[in-house]
Amino acid sequence: MTSPGTPTDQTVTISRDILTVLAMVDITQTARRVLDFLLAIHDDETGVGHISQDEMRRALGSSKPNVNRAFKDLAECGLAWGVKRAQYQLHPLLTGGKVSANVMAIPEIKVANAEMIVAVRRAHYAAQLANLAHAA
């Protein structure tokens, strides 16, 4: 079994433009935590985070299905994707252009329409309120 990468004291710099893009990517809270962890442990030369999903699960104290779904969410939106077993490439916009030699095409980061995000979250909130009213 591999071990997670060792975080360094080196600063990870993400521009305001990239932070704006990240704010518009509609991913779960667990996916954001996985992304943040990958940013903390990625190899500075390749932009690859070396960690298995089980190690990530243990590091975050999350369930296996949630971590698995988080990695799928990150791949679907183009922020990080698997290159080999327990190796996840971060999008080069997040790593200052650093990529592994194993990377084929760099995907476009898929951002959600702001109005769509608001509509989906309002519908989810309304469903939660309805469930609470039904339970009371």
Side-chain angles (χ1 to χ4, degrees):
M1 180 176 287
T2 61
S3 61
T6 305
T8 67
D9 290 336
Q10 185 174 347
T11 302
V12 175
T13 303
I14 301 175
S15 73
R16 291 175 192 266
D17 289 339
I18 298 304
L19 289 172
T20 300
V21 169
L22 290 175
M24 296 306 298
V25 175
D26 194 22
I27 57 176
T28 64
Q29 181 180 10
T30 303
R32 182 55 197 244
R33 292 175 63 214
V34 167
L35 178 63
D36 290 344
F37 201 88
L38 287 172
L39 285 167
I41 66 163
H42 77 275
D43 182 292
D44 293 331
E45 298 300 315
T46 64
V48 173
H50 298 267
I51 188 168
S52 72
Q53 288 192 16
D54 193 54
E55 291 164 335
M56 182 68 76
R57 177 193 61 75
R58 286 194 310 269
L60 298 179
S62 191
S63 70
K64 186 174 183 176
N66 283 348
V67 168
N68 181 271
R69 181 71 226 160
F71 276 106
K72 286 181 182 177
D73 287 348
L74 292 174
E76 287 172 4
C77 71
L79 290 172
W81 56 93
V83 289
K84 288 185 179 178
R85 183 175 170 84
Q87 293 183 19
Y88 297 91
Q89 176 69 56
L90 289 163
H91 195 284
L93 289 175
L94 303 174
T95 63
K98 305 294 184 179
V99 293
S100 166
N102 297 333
V103 173
M104 295 167 34
I106 304 297
E108 180 179 331
I109 296 175
K110 296 178 181 100
V111 296
N113 177 306
E115 291 81 24
M116 183 187 78
I117 292 173
V118 171
V120 168
R121 292 201 173 139
R122 282 187 178 155
H124 186 254
Y125 179 70
Q128 288 177 327
L129 286 178
N131 284 338
L132 288 173
H134 179 68

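One is the number of the first residue; the rest follow in order along the sequence. If you're wondering where the values come from, they're calculated on a predicted model, not measured in any experiment. Values below: every heavy atom of this structure, side chains too, minus hydrogens, waters and symmetry copies.
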Once rounded to the nearest 0.5 Å, what's the spacing between atom [atom1] of [X] and atom [atom2] of [Y]?
| X | Y | atom1 | atom2 | value |
| --- | --- | --- | --- | --- |
| N66 | M56 | CG | CE | 13.5 Å |
| I18 | H91 | CD1 | NE2 | 8.0 Å |
| D26 | M24 | CG | CE | 9.0 Å |
| R69 | S62 | CZ | OG | 13.5 Å |
| L94 | L19 | CG | CG | 9.5 Å |
| L90 | D43 | CG | CG | 10.5 Å |

Q128 atom CD: more than 12 heavy-atom contacts under 6.0 Å: yes
Report yes if some heavy atom in the side chain of [X] is under 4.5 Å from a heavy atom in the side chain of [Y]; otherwise report no.
| X | Y | result |
| --- | --- | --- |
| I106 | Q89 | no |
| L38 | F71 | yes |
| Q53 | N68 | yes |
| I51 | F37 | yes |

Residue pair I27 / C77: nearest heavy atoms and the distance that separates them: CG2-SG, 3.9 Å
W81 versus P92, closest heavy-atom pair with distance: CH2-CD, 4.3 Å
Under-4.0 Å salt bridge between R57 and D54: yes
Intermediate values then yes/no, side chain to side chain contact (heavy atoms under 4.5 Å, CB included), V34 and D73: CA-CA 10 Å; V34 167; D73 287 348; over 6 Å; no
Donor-acceptor contact below 3.5 Å, side chain K110 vs main chain E76: yes
Check against side chain to side chain contact (heavy atoms under 4.5 Å, CB included), T95 and V48: CA-CA 9 Å; T95 63; V48 173; over 6 Å; no
Partner of L22 under side chain to side chain contact (heavy atoms under 4.5 Å, CB included), chosen from I109, L79, L93: L79
